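Take a look at the structure set out below.
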Amino acid sequence: QVTVVESGGRLVQAGGSLRLSCTASEHSFSPYTMAWFRQAPGKEREFVSGMSSDGRYLYYSDSVKGRFTISSANTKNTVVSLEMKNLKPEDTALYFCAASLRQTRVVDRRASSYDYWGQGTQVTVSS
């Protein structure tokens, strides 16, 4: 069993910045493929950003590309961050970190492909 915990969400003004952190407990199958998803009220959970298990391949949704940056603090991807800049009201959502035991260069954007999830951290961007 892998425990995933997110932190860093808060209320921020439009144009501001925020850094989300995610910690995943170690597993014999780490490094993980890691991803961030978000879910706004009344909407489906959507892919935001992902990192391949070797850390070399980074992926972003079109809506956050150029504003968000995913990074890992170690080679096992057990500590992953999402740096968010130039935040917009439409970025308001509950942000989830997810871990997959699959070791792949291609990050799957489907939530169903991830094995372990955190409880989420709320990001609210005021206009």
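Since we're looking at a predicted model, the values are computed, not measured.
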Please give me the minimum heavy-atom distance between [X] and [Y], naming the atom from each residue.
X: T104; Y: S53; result: N-OG, 3.3 Å
X: R67; Y: D91; result: NH1-OD2, 2.8 Å
X: L82; Y: S49; result: CD1-CB, 4.0 Å
X: S127; Y: A14; result: CA-CB, 4.3 Å
X: R38; Y: S63; result: NH2-OG, 3.4 Å
X: Q122; Y: T92; result: NE2-CG2, 4.1 Å

Sequence neighbours excluded, every pair satisfying ring-ring contact (aromatic ring centres under 6.0 Å, His included) that has a member inside residues 36-82: F37-F47, F37-Y114, F37-W117
Residues in salt bridge (Lys or Arg N to Asp or Glu O under 4.0 Å) contact with K43, at least two apart in sequence or another chain: none
Qualifying disulfide bond (SG atoms under 2.5 Å apart) pairs, either residue in residues 39-95, two or more places apart: none
Out of curiosity, [X] [atom1] to [Y] [atom2], how far, rounded to the nearest 0.5 Å?
X: E26; Y: K76; atom1: CD; atom2: NZ; answer: 4.0 Å
X: T69; Y: K85; atom1: OG1; atom2: NZ; answer: 6.5 Å
X: M51; Y: R56; atom1: CE; atom2: CZ; answer: 12.5 Å
X: I70; Y: C97; atom1: CD1; atom2: SG; answer: 7.5 Å
X: N77; Y: M34; atom1: CG; atom2: CE; answer: 7.0 Å
X: T3; Y: Y116; atom1: OG1; atom2: OH; answer: 9.5 Å

V125 with L94, same ILVMFWY side-chain cluster at under 4.5 Å: no
Partners meeting side chain to side chain contact (heavy atoms under 4.5 Å, CB included) with [X] (sequence neighbours left out):
X: T121; result: E6, L20, Y95
X: S7; result: S21
X: R19; result: S71, S81, E83

For residues [X] and [Y], determine if any side-chain heavy atom of one lies less than 4.5 Å from a side-chain heavy atom of the other.
X: V4; Y: C22; answer: yes
X: L87; Y: L18; answer: yes
X: Y32; Y: V2; answer: yes
X: R102; Y: S113; answer: yes

Candidate pair V12 and S17, rule side chain to side chain contact (heavy atoms under 4.5 Å, CB included), full reasoning: CA-CA 8 Å; V12 62; S17 300; over 6 Å; no
